[in-house]
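Some notes on the structure that comes next.
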Amino acid sequence: MSRMWQWSCLAALLAAGVATAADVPGLTQSGKPDLKSAGALAFGPKGVLFVGDTQGAAIFAIGVGEAPKAAIGDGFKLEGVDGKVAAALGTEAADITINDVAVEPGTGIAYLSVARGQGPDSMPAIVRVDGAGKVSVLALDNVPYAKVELTSAPAADAKDRRGRPLRNEAITDLAFVDGKLYIAGLSNEEFASKLRSLAFPFAGKDTATSVEIVHTAHGAALETRSPVRTFVPFNVGGEPQLLAAYTCTPLVTFPVADLKPGEKIRGKTVAELGNRNNPLDMVVYEKDGKQYLLLANSARGVMKISTDSLDKQPALTEAVTGGGTAGLKYETVAELKDVTQLDRLGDKHALILVANDSGKSLQAVALP
Amino acid sequence: MLRIVEEAGLPVAFEAAHLPAKAAASLAKSDSEALGNALRVYVGRAATEGQPAIVGRHELAGDALRFTPSFPLKAGLDYRIEFNLPASGGNNRLRLEKVISLPAAPRPAAAKVTTIYPTAATLPENQLRFYLHFSAPMRRGEAYEHLQLLGEDGKPVHAPFLELGEELWDPSATRLTLLIDPGRIKKGLTPREEHGPVLTAGGIYKLVVAKGWRDASGQVLAEDFTKTFTAGPAIERVIDQQTWKVGPPRSGSRSPLVVRFPYPLDHALLGRTITVESAAGQRLDGEVTVGPEEKSWEFRPDQPWAAGAYDLVIDTVLEDQAGNRVGRPFEVDQFTHFDKSSAPEFVRLPFKIVPGRE
């Protein structure tokens, strides 16, 4: 049955008429987007998937067309997802890397950004997974899309003496809020701290503007550049905010309205998560009338943090000692282990990518 | 018959060739879905439950149905080809299967660590990053399993590195940027308060790159690579270009301009943040070399030097080993400094080329 799926899906797409550039506002080009890599993913306006291309130093907005019908629901579990994705790409699991997972809102279909192959010759792919566990590769030969190149370092010459560029800015997270795409990046050279924002539809080439985010240490009157590793948009008292995790562990908030080009802003530290607590991914959700943050991180499993009192939360002013976190209350969700990717699946579930010794699996879990 | 199609000696497609005339005629009337159903290729000798067929495109040319995968085939793997044409219109069902094993690719030399920057034997206790250079492209996703920092007692230092899922590689996958956890460097943060700094002045440390780390070709590093260093005092001041010693050559030669620093600067940033401009504002082309222990920078112009005034143009993103920049330390006292702008900035250091002897 699964073997039938790919072609029947394509046929359905053809029958339905694949989205064209004119169908989706902002997707001004059609053809094959020249993705060099596929990393961070975020959904924007209906049917638009933003893809961070670290190798190509660009962001693509891609029209994904009509979604398969079988939405991912409660109890979904796809074991060996890496092996299945690899099989569709003509190779074995060890030869692919799943970089990010995003769920298309309203359809319950998962999209995975994948690197096929290792080293500089690896190729990007966007893969769909539906509720029946069927894996298909999004055909990118002729899709509506838009592209914006990110300005790289201001340095005049970013190549070494052999003419090879060495600098790279990893696009670590994307989020779309109120018509704007926010982009977190981390340079492999300077300790940069730029958070870019970009209006969509893209207004032309290279329109990304950036703000400098600094972190103020507790107690000491010191501030440092501080790259943002991952972030999520949410509302505090009706005001859109970004809740961001710095690479140096504090969780901070800043109002979206403050993110103006060329400005430097200080995030308000609302929690410190403790040593080796490197946030990998996070989502915001509501349950029983309260707002929570679910945060997957490298050392401490998945944390559930109440953001209910965030607007009343005073900024942390003292270093936290003797055990870990301060500020917002959190609990560790014991059932969730080895979670490396996380996205919201409707209002009541999250889709997680679990990687452990027995392989990789994609699972739907109830929001705790 | 089922076969593999090669172009320029590389396998690129699969084909059901020399199909019976009736089968070919039936396929000629089929839509793309039916063509896709007729010829499928799977990875491995036997497909597992739910395993998708390889994605690609189908074309019918005469009596041959060809399937070209969207992604290159991988040397050393088995591929199973299935041709299946259901009975219809007087045609019998036609079913063929074949497994094709692609020969393994000749293996390139296994990667090894070539250099770790900084190269000096003493590093400041607030050292921010290392660059690990490899002789061949490496595999992503297993860096932190193979990296350890050992203290003087030979025991690993607790969680010394910033472990990023993205792993900061250069585009050729031969250079990894390894950051010491900035939460252990910055003052007043929980990680530092709880566990102390990663490096303490006076301590002797070993950065160990463990064997077993796979390169992009799947081979492993054959042996450990160790960089031993002593931690020295922290560097907590800005880079001041006025303290640099510029040694200009005379005109008429292509001898390098040599700039010496009082202490090492960041290797990667030195490679791209300093340029030379003539008085007319023209940037000179030439070759940049970073000197021993990253304490000097050389520029050999493509054209012989002409006498006159020049500027070294320094991008202020240039950092030292501890992340201090030109004009801005890693940790800023926010009550004495206030810089609002995040625009790129450059500083200039003038020098002169005097006429050479005729």
Side-chain angles (χ1 to χ4, degrees), chain A residues 2-3 6-8 11 55 84 87-92 95 97 116 118-120 123 133 135 137 153-158 160-161 164-166 168 170 172 186 188-191 210-212 216-224 247-249 262 264 272 274-276 278 280 298 319-321, chain B residues 33 36-37 40 43 50-55 69-71 73-74 77 128 137 139-141 159 162-163 165-166 168 170-173 175 177 182-183 186-191 193-195 216 268-269 271-273 275 283 287-288 315 317 319 323 330-335 340-344:
Chain A
S2 62
R3 297 176 197 173
Q6 182 132 357
W7 285 99
S8 56
Q55 298 301 335
K84 292 189 170 66
L89 301 175
T91 189
E92 53 194 348
D95 200 35
T97 310
R116 196 274 199 190
Q118 293 287 339
M123 298 169 76
V135 169
V137 181
D157 187 355
D160 74 355
R161 63 182 176 276
R164 284 187 323 181
L166 291 165
N168 211 351
T172 57
L186 191 57
N188 68 344
E189 292 186 353
E190 71 273 19
F191 198 66
S210 66
V211 290
E212 184 179 6
T216 308
H218 315 142
L222 296 172
E223 65 178 31
T224 51
T247 52
C248 55
T249 74
K264 185 174 81 173
E272 252 211 90
N275 188 220
R276 207 175 190 178
N278 219 319
L280 299 169
S298 55
V320 186
T321 52
Chain B
E33 184 185 355
N37 288 337
R40 297 200 194 96
V43 176
Q51 178 181 331
I54 299 173
V55 63
S70 300
F71 293 83
L73 298 171
K74 189 168 163 64
L77 289 191
L128 181 60
R139 171 176 290 258
R140 286 173 187 267
L162 179 65
E163 299 188 6
E166 289 79 13
L168 300 174
D170 75 324
S172 72
R175 188 191 75 183
T177 304
K186 294 182 182 185
K187 297 184 186 88
L189 288 181
T190 304
E193 298 293 324
E194 274 186 35
H195 299 282
L269 291 165
R272 67 172 174 89
T273 56
T275 54
R283 206 180 96 208
E287 186 184 335
V288 169
D315 187 330
V317 301
E319 294 177 10
F330 184 64
E331 294 189 302
V332 182
D333 184 332
Q334 58 173 311
F335 295 114
K340 216 164 170 247
S341 163
S342 64

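Proteins come first, then strands; the chains are lettered A, B, ... in the order of their sequence lines, and each starts at number 1.
In terms of heavy-atom proximity, P52(B) sits nearest to V135(A) at CB-O, 4.0 Å. Of all the heavy atoms in L168(B) and L186(A), the pair that sits closest is CD2-O, 3.9 Å. Contact between V317(B) and E190(A) at its shortest, heavy atoms only, is O-CB, 4.1 Å. What you find for F71(B) and R116(A) is that their closest heavy atoms are CB-NE, 3.7 Å. The two residues V43(B) and A87(A) come nearest to each other via the heavy atoms CG2-O, 3.7 Å.
A 4.5 Å side-chain heavy-atom check between P137(B) and Q118(A) finds every atom pair outside the cut-off. A 4.5 Å side-chain heavy-atom check between E92(A) and K74(B) finds at least one atom pair inside the cut-off.
Note: L89(A) CG to I54(B) CD1 = 9.5 Å, rounded to the nearest 0.5 Å. One distance of note links CG of L269(B) with CZ of F191(A); it measures 13.0 Å at 0.5 Å rounding.
Residues satisfying the side chain to side chain donor-acceptor pair (under 3.5 Å) test with S70(B), not counting sequence neighbours, are none. For the side chain to side chain contact (heavy atoms under 4.5 Å, CB included) test, residues two or more places apart in sequence or in another chain that qualify with A268(B) are E189(A), Y131(B), R175(B), D266(B).
Interface remark: P69(B) contributes no atoms to any contact with chain A (heavy atom separation under 4.5 Å). Looking at T91(A), both its backbone and its side chain come within 4.5 Å of chain B, counting heavy atoms on both sides.
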